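Structure record follows, encoded as structure tokens.
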Amino acid sequence: MLQHRYNARMKKLALLGGLTPEAFLKDYWHKKPLLIRQAIPGFAAPLTRDEVFALAARDDVESRLVTQNAGKWKLASGPFAELPQVTRRNWSLLVQGVNLHDARADDLLGQFRFLPDARLDDLMISYASDGGGVGAHFDSYDVFLLQAHGKRRWRIGRQSDLSLQEGLPLKIVKHFEPEENYLLEPGDMLYLPPQYAHDGVAEGECMTYSIGFRAPAWQELAENFLQFMADTVDLPGRYADPGLAPTSRPAEIPAQMLDQVTQALQRIRFERDDISLFLGEYLSSPKPQVFFDAPDSLMPAHRFSQAARKRGVALSPRSRMLYAGQRVFINGESFDTGTADRKALRLLANQRRLSGEDVAQASDDVLDALHNWYCDGWLLLN
Ligand code: SIN
Ligand code: CO
């Protein structure tokens, strides 16, 4: 269940090799790799190979196929109606965002909610035939690599030389300098900080689950923030030059015009509160390929309220819900909340579900919002 560990930061977790989330974050996060044998003891891949292949055939699922032939790398983007034979060596299929489509994958991602949802990205599943992998590379993000099926050998290194091989469809480092070598079996997990080079090669067919993070680049944030500002900016008035003098250089932009425009545009201000609104809406926005499935037959508001009070509700795995201060964000929309409603909505955001009793205590406004979200497929009845 998604909620069951989010408040466990002081508890020692097998998932972290017996460390508390606090100790893990202090000593390893962004700093050094951690190999955890049997992070999930007796782990058996919840999705079969065929289920992963079926996801890769869907156009609302992001997938990539990496093949290696006589030392030549090839990369293709899904959807894939057909894949190479599993008996053929040296290929790998990567399926992104599996948590959005599969409750078991979503549950698994929930075990990592000692980290903020604003940082947690998705669960990627990679299938590799014998010898398959994506080459020695580094990522800009932290990653947990959980071995789900079969064996994969990881060679990892701190790598000071980050130059890449030229002319390849994949980012592969030129001079890989591995320092450690680990064979991972089902249930074993390897944490890697950003920029740490790694190369995982399947020994026999295997599946690896990557728990990925999101760390937006400043440039990405800036571009999106300016877009947000463009939609909300309010700058009254207009350029005027009552003291205009005649010119003999009509093509020249008048210096006083430049001054006036500079002054006017410097009146555009933004505060932490504007940034909070932007950030919440931005981080809670679904990715472009995400669509919500509305229920087949919609219950009217009063019937929905009755059912929700009895059964409780849960966010769809595709919903992103965050909050900051009095604002609640869901799937790119923001709501200002009063004290009473804030409690129920924060509970929903943190637990990703509300029990029937929780719903029974909620105001009519909250029930209205829940009903709207249910109609949009953002929230489901338990
Ligand atoms: C893989 O599972 O093959 C790639 C995952 C990664 O290197 O981040
Ligand atoms: Co990687």
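Note that the coordinates shown come from a computational prediction; the quantities given were computed from them, not determined experimentally. In each ligand, atom 1 is the first atom listed, and ligand 1 is the first ligand listed.
Polar contact with ligand 1: present for His137 (N/O pair, distance under 3.5 Å). Polar contact with ligand 1: absent for Ser92 (N/O pair, distance under 3.5 Å). Polar contact with ligand 1: present for His198 (N/O pair, distance under 3.5 Å).
When the side chain to side chain contact (heavy atoms under 4.5 Å, CB included) test is applied to Gln289, the partners found at least two apart in sequence or on another chain are Glu62, Lys287.
Excluding water, every protein N/O/S atom under 2.8 Å from the Co ion (ligand 2) is given here by residue and atom: His137 NE2, Asp139 OD2, His198 NE2.
Applying the 6.0 Å contact sphere to NZ of Lys74 captures no more than 12 heavy atoms from other residues, nucleotides or ligands. The local environment of CZ in Arg249 is sparse, with at most 12 non-hydrogen atoms from other residues, nucleotides or ligands closer than 6.0 Å.
Arg320 contributes atom CZ, which lies 12.0 Å from atom CD1 of Ile330 (distance to the nearest 0.5 angstrom).
Nearest protein heavy-atom contact of atom 1 (C) of ligand 1 is Ser126 OG, 3.5 Å. The protein heavy-atom contact nearest to atom 8 (O) of ligand 1 is Asp139 OD2, 3.4 Å.
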Audit row: Phe228, Tyr282, ring pair (Phe, Tyr, Trp, His ring centres under 6.0 Å) steps and yes/no: CA-CA 9 Å; Phe228 164 88; Tyr282 181 64; over 10 Å; no

Is there a ring pair (Phe, Tyr, Trp, His ring centres under 6.0 Å) between Trp373 and Phe335 once you walk through the steps? CA-CA 13 Å; Trp373 298 344; Phe335 300 85; 5.6 Å; yes

Take Arg269 and Asp234 through the test salt bridge (charged side-chain N to carboxylate O under 4.0 Å, His left out) and record every step on the way to the result. CA-CA 10 Å; Arg269 287 265 173 273; Asp234 178 25; over 6 Å; no

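With a heavy-atom cut-off of 4.0 Å, Arg152 touches ligand 1 through its side chain alone.
Within the structure, ligand 1 has Ser210 among the residues with a heavy atom less than 4.0 angstrom away.
Two residues are said to be in side-chain contact when any heavy atoms from C-beta on lie closer than 4.5 Å; Leu164 and Phe138 meet this criterion. Counting only heavy atoms from C-beta outward, the side chains of Leu348 and Leu379 approach each other to under 4.5 Å.
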